[in-house]
Peer 1: 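Encoded as structure tokens, here's the structure I'll be asking about.
We use all heavy atoms of the structure for the numbers below, so side chains are in, but hydrogens, waters and symmetry mates are not. So you know, we letter chains A, B, ... as the sequences are listed, proteins then strands, and number each from 1. Keep in mind that this is a model prediction, so the values were computed, not measured.
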Amino acid sequence: MTTLFDPDAASGTPLIVHDGPDADQRGARGNGSLLDGLNPEQREAVEFRGSALLIVAGAGSGKTRVLTHRIASLIGGREAWPSQILAITFTNKAAAEMRERVEQLLGQASDGMWISTFHSACVRILRREAEKAGLAGTFTIYDSADVRNVLKRIIKELDADTLGFTPAGVSNRISKLKNELADADSYARNANLDDPQEVMFLEIFRQYTRRLRAASALDFDDLISETVFLFRSFPDVAALYQRRFRHVLVDEYQDTNHAQYSLIRELTRPVAPDLAEQMETAGMHVRSLQDASGGIPGASLTVVGDSDQSIYAFRGADIRNIVEFERDYPGAKVVLLEQNYRSTQNILSAANAVISNNFDRKDKKLWTAVGDGDKITGYTGYSGHDEAQFIADEIEALHGAGVAYRDIAVFYRTNAQTRALEEIFVRSAVPYRVVGGTKFYERAEIKDAIAYLIAVANPVDELALRRILNTPKRGIGPATETQLASFAETNGITFREAMRDAGSLGLGPKVTTAILQLAGMLDEAAAKLEPSNPAGVSGVSEVLGFLLEQSALLETLRSSRDPQDETRAENVEELLAQTKDFMRENPDAGLVDFLTQVSLVAAADELDDSSGTVSLMTLHTAKGLEYDSVFLTGIEEGLLPHQMSAGEPGGPAEERRLFYVGITRARKRLYLSLAMTRAQFGETSVAMPSRYLQEIPGELIDWRQSPGMANSRGGTQPRALNARRDGYGSRGGFGGQGELSPAPRPKAEWPNRVTAQVRDNGDLTLTAGDRIRHADFGEGRVTQVTGEGTKRVAHVQFDRSGAKKLLIKIAPIEKL
DNA sequence: ACACTTATATTTTTT
DNA sequence: ATATAAGTGT
């Protein structure tokens, strides 16, 4: 028998493990079978043993495979216990998948392994070390809406709006600072205190910090930064985790911000000899980990990333983290994965061509062994709806040809673009699901129900209490709310305590009863969770059921005459069902765990692989996913690249990466679509093709309707225009035959600089029967006019060129 | 305090 | 266009 121990902190006690058949079996598995089917680079990445490893993994190069095999090989080769592994993924869904795949490879469960997102891991640490961190273990996590709520109140109280402060703006600024590990005090040290704007911002920041603390709440950014601060302030606490996690693996490293970078640095720091000795004395068994000096060496670090897929600079992601990895970790090994196992060569060639326009990057070319595949399909709609109709029709065609709906995805830059798509999809009966967007947990009725639970779990959370105070309506208005707040303030008690003491506020009897009833309900619910409760401990769903019943929240929605409330009631019922699922899947978890899980769901976590629907999502959400058929929509100037990115330094480059990410999601078929006009704020405006479209070699795209055709500057016949512009056109994305293939192709006729020359016919009005002359098609007769305003379309029968649809506002036509 | 009407901003991306 | 905010009247 060998005495080994798994320093798994879950139980806090070392385990004695016997050498036996089990161990032999694990050893016998060896690494041989784990390396099967890997290419030499992947193999190298799996097998490398050393303190730091950077895997530069191009899109679709099998990085998840490498990561899972690496973890499995560490555990299977008995180099590490599952509990010594910490793997950070981008979404909870990716984490679950990774765990499953590791266990599949090992053929055994691997309890104790931490595979989670940055935020989940930090919450876990903070709840565990709450006392040291100066927090209640039941702290609430505020999402962006909660944060804005708090800020709104502060700004109002300080009259800061007169200085131009908005909740969203301040929230952004605070978030940026926290991502840099700054707090109000450190900011104050460098602030220009002669600037009233700065002074006000500082005051808001201070108040905000104070209120969150008073409510025992943390925002998303705090989760990371507070963990870093905890580790820095308490080396002994940090040492617990430094000792435990011997292998730290981080996925999507290009999207880490400074705080996350620092967290990884702290976790992979060595433990000093004296601290290690203290731990040994405390019975923590560090002997087997100690090096010659008596300290515990830093954990091995593996990071995986691709700077070409860095798309989160706006939330503080710092591309330098990956670019300068070798400088940060001297002696780091770098492995490059360039072979792509996902897409066809045509798709990869397009992706390579686009991304090569970003100059400050290491050249990297994806390649595949699977062959060219289909061409990319292009389509230019007259409007967003026309574009959506094309997509719906094409999806139906694909489906008819045997492609499952779930293998099809539609991507867009902004959430607002879902509207046109949804309208058409509903009409065309295409089964679809919007991933992210207005997320389930962000709906008002769900936040209300959750607020009841938060009020029970974390009684000092004033925000949650204020939210439910008059939801559903119980006659407690803003005036009463303010009175309660100031009563709490003057007496130095919490809002909740003030509610319990409502009787001494001298309010009307009706209001007083209402408040006391609510407070009593919450206390009663809390009692149900007490372990000492003689009636036994209730689970999350019982408590929620009790609260919904007592507050009549559900009943109010059901009996409302607003037709939308019916759906809201169903949503609340869905939440109740979710609590039951949660209890079944996590028998040991409690209310706080449920609330944590709810707070940390990512958009992509909502994806259900088994659902037979088309998935709609933003390009950001699409990162890390792949589909057989991908529709990339709204490839227009102002949308991709987005208008707002124009001012940002590096904005257009990041937008290009976003386009690149979208392209590389497709396995077999890629569709690029855009519209000539786009509705925005209810106004319709003319849209121009994106500059990025021209970066794709023309011969890769098969235009069903090119931008040139859509504004009728093209035609169905080759024209002299093409030859004339060949100097530009053959290189660009649309005119392109390439210098080597002189034969003109009918479908490639977009004049090179069409983006710069869009005509405006103003309010030219046409009616059926009018004769017109078109610059290319000659004379014809209008047969019909459809559409409204700027997107009026004339259907014209040309004398020589046949029937065409023309966008009246921008077509090169004149009335005769 | 609540229901109704009118004004206004909203759309960049997200844990 | 739509959703929320603010304003007005009961």
Peer 1: For side-chain hydrogen bond (donor to acceptor under 3.5 Å, both in side chains), just list the numbers for A:Q254 and A:E252, CA-CA rounded to whole Å, side-chain angles, deciding distance to a tenth of an Å, and then say yes or no.
Peer 2: CA-CA 5 Å; A:Q254 77 282 355; A:E252 307 285 7; 2.9 Å; yes
Peer 1: When the ring centroid of A:F314 is compared with that of A:Y312, is the distance short of 6.0 Å?
Peer 2: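 Centroid distance A:F314-A:Y312: below 6.0 Å, so yes.
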Peer 1: B:dT12 C1' sits how many Å from A:F659 CZ, rounded?
Peer 2: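 These atoms are roughly 17 Å apart.
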Peer 1: Using whole Å, report how far CZ of A:R419 lies from C1' of C:dT2.
Peer 2: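 In whole Å, C:dT2 C1' lies 6 Å from A:R419 CZ.
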Peer 1: Does the side chain of A:V150 come within less than 4.5 Å of A:L463's, by heavy atoms?
Peer 2: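 Yes; the side chains approach each other to less than 4.5 Å.
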Peer 1: Could you run down the sub-3.5 Å N/O contacts of the protein with nucleotides 13-15 of chain B?
Peer 2:
residue, atom, partner, partner atom, Å
B:dT13, OP1, A:N415, N, 2.8
B:dT13, OP1, A:N415, ND2, 2.9
B:dT13, O4', A:R413, NH2, 3.2
B:dT13, O2, A:R413, NH2, 2.7
B:dT13, O2, A:H620, NE2, 3.4
B:dT14, OP1, A:T618, OG1, 2.9
B:dT14, OP1, A:T621, OG1, 3.2
B:dT15, OP1, A:A603, N, 2.7
B:dT15, OP2, A:K439, NZ, 2.8
B:dT15, O4', A:R315, NH1, 3.4
B:dT15, O3', A:H119, ND1, 3.3
B:dT15, O2, A:H119, NE2, 3.4

Peer 1: Less than 4.0 Å between a side-chain N and a carboxylate O, is that true for A:D306 and A:K63?
Peer 2: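 Looking at A:D306 together with A:K63, the answer is no, because their closest N to O distance does not fall below 4.0 Å.
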Peer 1: In sequence, state the C-alpha distance, the side-chain angles, and the governing distance for A:R127 and A:D593, and then conclude on salt bridge (Lys or Arg N to Asp or Glu O under 4.0 Å).
Peer 2: CA-CA 10 Å; A:R127 290 218 193 277; A:D593 302 292; 5.7 Å; no
Peer 1: Look at the rings of A:F231 and A:Y241 and say which category their plane angle falls in: under 30° parallel, 30 to 60° tilted, over 60° perpendicular.
Peer 2: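 Plane angle between 30° and 60°, so tilted.
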Peer 1: Which pairs, protein N/O on one side and nucleotides 1-3 of chain B N/O on the other, fall under 3.5 Å?
Peer 2:
residue, atom, partner, partner atom, Å
B:dA1, OP1, A:G477, N, 2.3
B:dC2, OP1, A:G475, N, 3.3
B:dC2, OP2, A:N470, ND2, 3.2

Peer 1: Has A:E157 got more than 12 heavy atoms of other residues, nucleotides or ligands less than 6.0 Å from its CD?
Peer 2: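 Enclosed: over 12 neighbouring heavy atoms sit under 6.0 Å from CD of A:E157.
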Peer 1: For nucleotides 6-8 of chain C, list the nitrogen or oxygen atoms of the protein found under 3.5 Å from its nitrogen or oxygen atoms, one pair per line.
Peer 2:
none

Peer 1: Any sub-3.5 Å donor-acceptor pair from A:N458's side-chain atoms to A:A215's backbone N or O?
Peer 2: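 At least one qualifying donor-acceptor pair exists.
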Peer 1: With no hydrogens and no angle check, is any side-chain donor or acceptor of A:D318 less than 3.5 Å from a backbone partner on A:H258?
Peer 2: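 Not confirmed, A:D318 side chain does not pair with A:H258 backbone.
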Peer 1: Which value, in whole Å, describes the distance between the C1' atoms of nucleotides B:dT11 and C:dA6?
Peer 2: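 Roughly 22 Å separates the two C1' atoms.
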Peer 1: Expressed as a whole number of angstroms, how long is the span from A:E636:CD to B:dT12:P?
Peer 2: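 Going from CD in A:E636 over to P in B:dT12 covers 16 Å.
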Peer 1: Ignoring hydrogens and angles, tell me if any N or O in the side chain of A:R433 forms a donor-acceptor pair with the backbone of A:S615 under 3.5 Å.
Peer 2: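 No, the answer is negative, given that no donor and acceptor are paired below the 3.5 Å cut-off.
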Peer 1: If I take atom CZ in residue A:R678 and atom P in nucleotide B:dT12, what distance separates them, rounded to the nearest angstrom?
Peer 2: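 Whole-Å distance recorded here is 15 Å.
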Peer 1: Taking atom C1' in both B:dT13 and C:dT4, what distance in whole Å separates the two?
Peer 2: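 Going atom to atom, C1' in each nucleotide, I get 22 Å.
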Peer 1: By the definition side chain to side chain contact (heavy atoms under 4.5 Å, CB included), identify the one residue from A:I311, A:L672, A:I355 that meets it with A:F659.
Peer 2: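 Running side chain to side chain contact (heavy atoms under 4.5 Å, CB included) over A:I311, A:L672, A:I355 with A:F659 returns exactly one hit, A:L672.
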Peer 1: Nearest whole Å is fine: how far is C:dA1 C1' from A:H385 NE2?
Peer 2: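 It is 11 Å, rounded to the nearest whole Å.
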